Protein chains: 2
Amino acid sequence: MYEIIKAIAEPNRLSILKMVRTREMSAGQIAESFGSITRPAVSQHLGVLKKAGLLTEKREGTSRLYKARPEGFASLKEFLEEFWEPRLQKLKTVVENENNEK
Amino acid sequence: MYEIIKAIAEPNRLSILKMVRTREMSAGQIAESFGSITRPAVSQHLGVLKKAGLLTEKREGTSRLYKARPEGFASLKEFLEEFWEPRLQKLKTVVENENNEK
DNA sequence: CACTTACGTAAGTGTAGACTAACATATTTT
DNA sequence: AAAATATGTTAGTCTACACTTACGTAAGTG
């Protein structure tokens, strides 16, 4: 769980997550959209995010495509919900049931 | 929002939050239950948590009593929910309505 | 008003981690 | 197989920050 918090507790990493939330992006594309930091820095951030289970990596040719992995956030969400609002636990079940019905 | 993530991205601070989740505790009491770190260190952590809006402080004589402040987590919870599962937004409204009915 | 109690604050130190530059690796192209 | 492309890895630097020691402060007590 801590790995996740640490992973998102860094501005550039959170920016990366936002970028790959809806679409796949290559490491190079991600690095380009950063004016400030270099490609190796991005690569290292991707490593941290991937290790925390927040990204999927797909190799395609010489490129590697990254995409956010929502399931990776599950343990953090659960922690927050249980910690602050035990009542939400009930609702979580409702959501899961809805999803199963689809 | 970042202030909140940074605040909980430190093991001792998260421990403090767990301690004062259900009951009020003085700074001294909190410091005592840490075998490892000193009282000033705890005091500094309390400052960070308070600044992030995660704690309430109540002065009582020479003591200061701290307690977790669930509302402080709202923006982080909202961010996570919206970021990963936009569908939960719907449920959030349900919860709020339930609470209003009480 | 001195003294004690319960704190916060400031200054200085050590370390984790974010960064860059240089190098290594893997896949495609010629 | 050499060259080009896209990327990861390593070594070293610099800064943020968690920590301790020493000091400052504010509220009770004799």
Side-chain angles (χ1 to χ4, degrees), chain A residues 1-21 23-69 72 76, chain B residues 1-21 23-69 72 76:
Chain A
M1 217 274 291
Y2 240 89
E3 220 171 7
I4 300 173
I5 301 183
K6 282 298 201 69
I8 64 172
E10 207 285 324
N12 289 329
R13 280 199 289 267
L14 198 54
S15 296
I16 292 175
L17 279 176
K18 283 176 184 167
M19 287 182 208
V20 300
R21 188 170 73 98
R23 64 186 186 285
E24 285 186 331
M25 285 180 79
S26 71
Q29 287 175 328
I30 295 168
E32 272 176 37
S33 41
F34 278 98
S36 45
I37 60 173
T38 61
R39 194 187 50 70
V42 171
S43 188
Q44 284 164 10
H45 283 314
L46 288 170
V48 173
L49 290 170
K50 194 186 150 196
K51 197 181 173 192
L54 300 176
L55 287 182
T56 58
E57 182 188 302
K58 187 171 72 179
R59 305 184 75 133
E60 201 170 282
T62 59
S63 294
R64 299 191 190 189
L65 300 178
Y66 294 92
K67 190 160 187 303
R69 186 173 165 280
L76 176 56
Chain B
M1 218 273 292
Y2 239 88
E3 220 170 5
I4 299 173
I5 301 183
K6 283 297 202 65
I8 64 172
E10 208 284 326
N12 289 329
R13 280 199 289 268
L14 197 54
S15 297
I16 292 175
L17 279 176
K18 284 176 183 167
M19 286 183 207
V20 300
R21 187 170 74 98
R23 64 185 187 286
E24 284 186 330
M25 283 181 80
S26 71
Q29 286 174 328
I30 295 169
E32 273 176 35
S33 40
F34 279 97
S36 45
I37 59 173
T38 61
R39 192 186 52 69
V42 171
S43 188
Q44 284 164 11
H45 283 314
L46 288 170
V48 173
L49 291 169
K50 194 186 151 196
K51 196 180 171 193
L54 300 176
L55 288 183
T56 57
E57 182 188 301
K58 187 170 72 179
R59 307 184 73 133
E60 201 170 282
T62 60
S63 293
R64 299 194 190 188
L65 300 178
Y66 293 92
K67 191 160 185 302
R69 187 173 163 280
L76 177 56

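Letters go in sequence order (proteins before strands), and every chain restarts at 1. Below, each value reflects all heavy atoms present in this structure, side chains not excepted, and no hydrogens, waters or symmetry copies. In this text, all values refer to a predicted model and were calculated from it rather than measured experimentally.
Across the protein-nucleic acid pair, A:Tyr66 atom OH and D:dA6 atom P stand 15 Å apart, rounded to whole Å. Rounded to whole angstrom, the span from the OH atom of A:Tyr2 across to the P atom of C:dG17 amounts to 12 Å. Look at CD on A:Glu3: it is 17 Å from P on C:dA16, rounded to the nearest Å. To the nearest angstrom, P of C:dT27 lies 14 Å from CG of A:Leu65.
Counting all heavy atoms, side chain and backbone alike, B:Leu17 lies closest to B:Ala68 at O-CB, 4.4 Å. The heavy-atom pair separating A:Gly72 from A:Ile4 by the smallest distance is O-CD1, 3.1 Å. Across A:Ala31 and A:Val42, no two heavy atoms sit closer than the pair CA-CG2, 3.8 Å.
For A:Lys67, the salt bridge (Lys or Arg N to Asp or Glu O under 4.0 Å) criterion is met by no residue, not counting sequence neighbours. Legend: residues meeting side chain to side chain contact (heavy atoms under 4.5 Å, CB included) with A:Lys6, ordered by chain and number and at least two apart, are A:Tyr2, B:Ala9.
For residues 31-48 of chain B, the pairs satisfying side chain to side chain donor-acceptor pair (under 3.5 Å) are B:Arg13-B:His45, with sequence neighbours left out. Within the structure, every pair that satisfies the salt bridge (charged side-chain N to carboxylate O under 4.0 Å, His left out) test and touches residues 52-62 of chain B, not counting sequence neighbours, is listed here: B:Glu24-B:Lys58, B:Lys50-B:Glu57, B:Glu57-B:Arg64.
Remark: A:Ser63 is in phosphate contact with D:dT7, judged by side-chain N or O atoms under 4.0 Å from OP1 or OP2.
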Under 3.5 Å, which N/O atoms of the protein pair with N/O atoms of nucleotides 22-29 of chain D?
none

Short N/O separations, protein against nucleotides 17-19 of chain D, under 3.5 angstrom:
from   : atom 1 : to      : atom 2 : distance (Å)
D:dC17 : OP1    : B:Lys6  : NZ     : 3.0
D:dA18 : OP2    : B:Arg13 : NH1    : 3.0
D:dA18 : OP2    : B:Arg13 : NH2    : 3.3
D:dC19 : OP1    : B:Asn12 : ND2    : 2.6
D:dC19 : OP2    : B:His45 : NE2    : 2.2

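Remark: D:dG30 base-pairs with C:dC1. Criterion, Watson-Crick or G-U wobble with two distances under 3.5 Å.
The CG atom of A:Leu65 sits 12.0 Å away from the CZ atom of A:Arg23 when rounded to the nearest 0.5 Å.
Looking at heavy-atom distances under 4.0 Å, A:Phe34 makes no contact with the nucleic acid at all.
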